[in-house]
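Read the structure below first, then the notes.
Computed from a predicted structure; not experimentally measured. In what follows, chains are A, B, ... by sequence order, proteins preceding strands, each numbered from 1.
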Amino acid sequence: MKQSKLFSKTKKELSEDVEAASHKWLLKGDFIDQLSSGIYSFLPLGWRVHQKIENLIREEMNKIGAQEVFLPSLQPKQLWEETDRWGNMAPPLFKLEDQHEREYALGSTHEEVITDLARKRIESYRDLPQAVFQIQNKFRNEVRATGGLLRTREFMMKDLYSFHATEKSLDNYYQKVKKAYFRIFDSCNLNAVAVEAESGSIGGSKSEEFMIESPSGEDEVLICKNCNFGANTEKVGELNECPECGAELEHKNCIEEAHAFYLGDKYSSEMGATFTDKNGEEEPLLMGCYGIGVGRLMATIVEVSHDDKGIIWPMRVAPFQVHLLQLGDDKKVEKTAKKVTKSLQEAGIEVLYDDRDKSAGEKFADADLIGIPYRLVVSEKSLEEDSVEVKMRVEDETELISTGKIAEEIENRIK
RNA sequence: CGGAGCGUAGCCUAGCGGUUUAAGGCGCGUGCUUUGGGAGCACGAGAUCGCCGGUUCAAAUCCGGCCGCUCCGACCA
């Protein structure tokens with residue numbers, strides 16, 4: 001991609017109103033644009049990151065046997081009345097009417113829709129277990145949106161729902177999901193702890209929140225210095241030491257990144273989603289549901305991974321893998337920059353090629369801001385050595401790699 | 001929804017009753033000079049000062065209403 005043609009344009013100045021680090025950097029780098037309170041457009045750079053995160057999540061969902069679906073945002077009132085949630089959601093539903101004055105909600109979650117699907121096709125214990133997920137827009141009538149992408153009123157969520165014949169099966173799958181979640185956070189270079197939580201308006205018997213340590217987090221969590229134990233401070237009051245390993249506990253601000261619920265038969269009972277068990281008895285389905293906010297995850301990565309110059313994207317979710325800067329408009333430099341870009345692309349590497357007629361300083365500043373993992377520089381200086389200068393966003397040192405070997409070398413390093 | 005604050009050019013800000021033409025920076029256009037850490041000079045385009053009403057000889061500036069946005073509180077992925 002030529003940067004001169006990129007729709008996104010970095011900003012030098014930002015409103016003094018912007019406070020959260022992720023909000024600031026995502027706006028400065030022009031990853032996102034605010035349309036209204038809590039409502040954001042994703043621009044090319046931002047959308048590439050968003051899609052990388054989606055694909056990472058999608059991969060992990062596939063690994064645990066979940067099947068991808070896509071459910072409607074427009075959901076009829078009657079469905080929500082079956083579970084008595086039409087007027088009882090917190091935050092409330094966005095509601096609207098069609099031309100026949102029929103009422104709908106814009107889905108803030110999809111338990112009703114998925115349970116309806118399940119009751120239409122799951123009939124026997126032989127059909128179980130099942131797990132389906134989607135990555136789709138959610139609408140939540142939040143009282144107050146905050147911190148850019150950290151809490152919005154429209155956002156993409158990966159929501160997974162599982163159906164089981166037995167508690168054991170549900171528990172077994174729940175643990176699998178939990179492991180998949182930790183793998184997802186690992187791939188984003190985030191440390192997560194699972195803490196027991198209130199089930200809120202989703203309900204069910206038990207739930208856990210997946211918390212990521214970050215100064216701009218709104219939740220206070222007690223985290224063990226030694227093991228992976230975490231607990232919500234409101235939930236447990238004051239603990240003095242870790243109940244798992246006895247080590248010291250620390251208070252940390254965290255962002256709630258994901259939430260998993262043992263729904264049990266809450267929705268299936270209310271909506272008549274049953275199956276016939278081995279003994280020929282009709283039983284309600286046992287359900288679990290598991291959500292990750294994609295935009296919030298993107299913001300969290302930035303909260304945790306940035307410096308005073310900009311974002312530092314982990315390779316897995318970076319908008320491009322290589323940012324190639326061409327310095328000066330010397331013909332030979334330009335020719336080499338194009339050639340190197342092409343050879344990288346042919347090796348399957350995603351390259352943002354800064355071909356703009358801008359000063360070196362501005363290009364360096366933009367590269368730091370956008371935060372692509374590898375920065376390559378082609379200039380008269382580098383050509384004197386018949387080389388390309390290579391620097392990683394996380395490192396300070398640069399090195400020279402021969403122009404002929406650059407594609408192969410970068411390809412190897414990225415793997 | 002309670003509390004606080006803010007709306008001036010595409011963006012960031014200054015001005016907060018009276019230099020009459022609303023100021024500066026960024027960005028944008030044209031030309032020249034530059035090119036390893038947000039370059040320089042010159043010229044130029046770009047604003048019904050959020051909207052409506054009121055006070056006044058005079059309103060971006062004071063008052064009221066509305067709209068929008070931000071932050072703190074409660075809630076969430």
Side-chain angles (χ1 to χ4, degrees), chain A residues 9-20 23-24 27-28 30 33-39 53 57 89-92 107-110 135-160 181 184-185 192 197-202 207-212 216-219 232 234 254-261 289-300 309-310 325-330 333-334 354 356-369 375 377-384 389 391 396 398:
Chain A
K9 292 218 171 168
T10 57
K11 292 182 166 68
K12 280 189 188 170
E13 290 164 321
L14 271 193
S15 163
E16 289 159 357
D17 281 351
V18 178
E19 297 192 351
H23 193 196
K24 178 174 145 186
L27 284 174
K28 272 198 109 181
D30 214 23
D33 181 275
Q34 181 174 0
L35 179 62
S36 186
S37 180
I39 305 178
I53 298 172
I57 294 173
M89 285 298 288
S108 64
T109 180
H110 282 73
I135 298 172
Q136 198 242 22
N137 261 15
K138 298 288 184 272
F139 298 86
R140 296 192 179 177
N141 203 343
E142 296 282 355
V143 199
R144 182 160 98 81
T146 47
L149 256 32
L150 287 170
R151 190 206 284 146
T152 59
R153 298 193 297 162
E154 175 178 353
F155 62 96
M156 293 283 256
M157 176 162 135
K158 183 287 299 171
D159 43 331
L160 164 68
Y181 275 18
I184 290 166
F185 299 134
E198 305 293 339
S199 293
S201 48
I202 305 286
S207 82
E208 283 177 298
E209 293 167 338
F210 295 76
M211 297 295 206
I212 311 271
S216 39
E218 297 179 330
D219 299 272
N232 224 312
E234 308 107 57
C254 285
I255 297 171
E256 182 190 336
E257 206 56 62
H259 204 153
F261 301 81
C289 78
Y290 323 83
I292 298 181
V294 182
R296 180 178 286 182
L297 182 50
M298 176 169 159
T300 304
K309 295 197 174 85
L325 317 191
Q326 174 191 320
L327 300 188
D329 56 4
D330 177 83
V333 169
E334 188 183 338
D354 193 349
R356 297 173 304 164
D357 182 23
K358 299 269 187 193
S359 72
E362 189 165 353
K363 292 190 178 194
F364 287 136
D366 275 347
D368 289 338
L369 170 57
R375 186 190 82 187
V377 176
V378 176
S379 65
E380 291 185 51
K381 203 168 118 186
S382 76
L383 283 195
E384 280 171 22
E389 179 191 279
K391 178 186 167 297
D396 290 325
T398 62

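Within 4.0 Å of A:E16, counting heavy atoms only, lie sugar-phosphate atoms of the nucleic acid but no base atom. As judged by a 4.0 angstrom heavy-atom cut-off over every strand, A:A365 is placed among the base-contacting residues. Within 4.0 Å (heavy atoms only), A:S382 reaches at least one base atom of the nucleic acid. Residue contacts shown for A:A145 are limited to sugar-phosphate atoms, with no base heavy atom under 4.0 Å away. Using a 4.0 Å heavy-atom distance criterion, A:K358 is classed as a base contact. Residue A:I292 is out of contact with every strand shown, counting any heavy-atom pair closer than 4.0 Å. When heavy atoms are screened at a 4.0 angstrom cut-off, A:D33 is found touching no nucleic acid atom at all. Using a 4.0 Å heavy-atom cutoff across all strands shown, A:L297 reaches no nucleic acid atom at all. Residue contacts shown for A:G147 are limited to sugar-phosphate atoms, with no base heavy atom under 4.0 Å away. When heavy atoms are screened at a 4.0 angstrom cut-off, A:G200 is found touching the sugar-phosphate backbone but no base atom. Within the 4.0 angstrom heavy-atom criterion, no nucleotide atom of any strand lies near A:D330. A:Q34 comes within contact range of the sugar-phosphate backbone alone, with a heavy-atom separation under 4.0 Å but no base atom that close.
Across A:R356, A:R375, A:K358, a single residue satisfies salt bridge (charged side-chain N to carboxylate O under 4.0 Å, His left out) together with A:D366, and that is A:R356.
If you take atom C1' in B:C41 and the same atom in B:G36, they sit 23 Å apart, rounded to whole Å. Straight-line distance between the P atoms of B:G18 and B:C32: roughly 45 Å, to the nearest whole Å. For the C1' atoms, the distance from B:U48 to B:A4 is 31 Å, rounded to whole Å. Separating the C1' atom of B:G25 from that of B:A9 is a span of 13 Å, rounded to the nearest Å. The separation of B:C12 from B:G7, taken at their P atoms, amounts to 12 Å, rounded to a whole angstrom. On the P atoms, B:U70 is 33 Å away from B:G38, given to the nearest whole Å. Separating the P atom of B:G64 from that of B:A74 is a span of 30 Å, rounded to the nearest Å. Spacing between B:C67 and B:A22 at atom C1', rounded to whole Å, works out to 24 Å.
Pairing partner, B:C62: B:G54, with both Watson-Crick or wobble hydrogen-bond distances short of 3.5 Å. Partner assigned to B:A22 is none, using Watson-Crick or G-U wobble distances below 3.5 angstrom. Remark: B:C71 base-pairs with B:G3; criterion is Watson-Crick or G-U wobble with both hydrogen-bond distances under 3.5 Å. Figure legend. B:U48 is base-paired to no nucleotide; pairs are counted as Watson-Crick or G-U wobble with both atom distances under 3.5 Å.
Judged by distance alone, with hydrogens and angles left aside, A:R356 brings no side-chain donor or acceptor close enough to the base of B:G38 to form a pair under 3.5 Å. Residue A:D17 places no side-chain atom within donor-acceptor reach of the base of B:C12, judged by atom type and a 3.5 Å distance cut-off alone. For A:D366 against B:G38, a side-chain-to-base donor-acceptor contact under 3.5 Å is present. The base of B:G27 does not come close enough to the side chain of A:E13 for any donor and acceptor atom to sit less than 3.5 Å apart. For B:G36, the base has a donor-acceptor partner in the side chain of A:E389 [N/O atoms by modelled type, under 3.5 angstrom].
Across all non-hydrogen atoms, the minimal contact from A:R296 to A:L150 is NE-O, 2.7 Å.
Here CG of A:D330 is found 4.5 Å from CD of A:E380. Values are rounded to the nearest 0.5 Å. Between the CG atom in A:D357 and the CD atom in A:E362 there is a gap of 10.0 Å [rounded to 0.5 Å]. Atoms NZ and CG, from A:K363 and A:D354 in turn, are 4.0 Å apart once rounded to the nearest 0.5 Å.
In this structure, A:F364 forms no aromatic stack with the base of B:G36, since the conditions of centre separation below 5.5 Å and plane angle below 30° are not both met.
Proximity of A:S379 to the phosphate of B:U35: no side-chain N or O atom is located under 4.0 Å from OP1 or OP2. Contact between the side-chain N/O atoms of A:R144 and the OP1/OP2 oxygens of B:C75 is not found at any separation under 4.0 Å. A:S36 has a side-chain polar atom (N or O) that falls below the 4.0 Å cut-off from OP1 or OP2 of B:C69. At B:G25, none of the side-chain N or O atoms of A:K12 fall inside 4.0 Å of OP1 or OP2 (strictly under the cut-off).
Ring-plane geometry between A:Y181 and A:F185 is classed as perpendicular, the angle between the planes exceeding 60 degrees on a 0 to 90 degree scale with a lower cut at 30.
The closest donor-acceptor contact from the side chain of A:E257 to the backbone of A:L297 lies under 3.5 Å.
In this structure, A:L14 atom CG and B:C69 atom C1' are separated by 15 Å, rounded to whole Å. A:D354 has its CG atom 15 Å from the P atom of B:G38, to the nearest Å. Regarding A:L27, its CG atom lies at a distance of 18 Å from the P atom of B:G10, rounded to whole Å.
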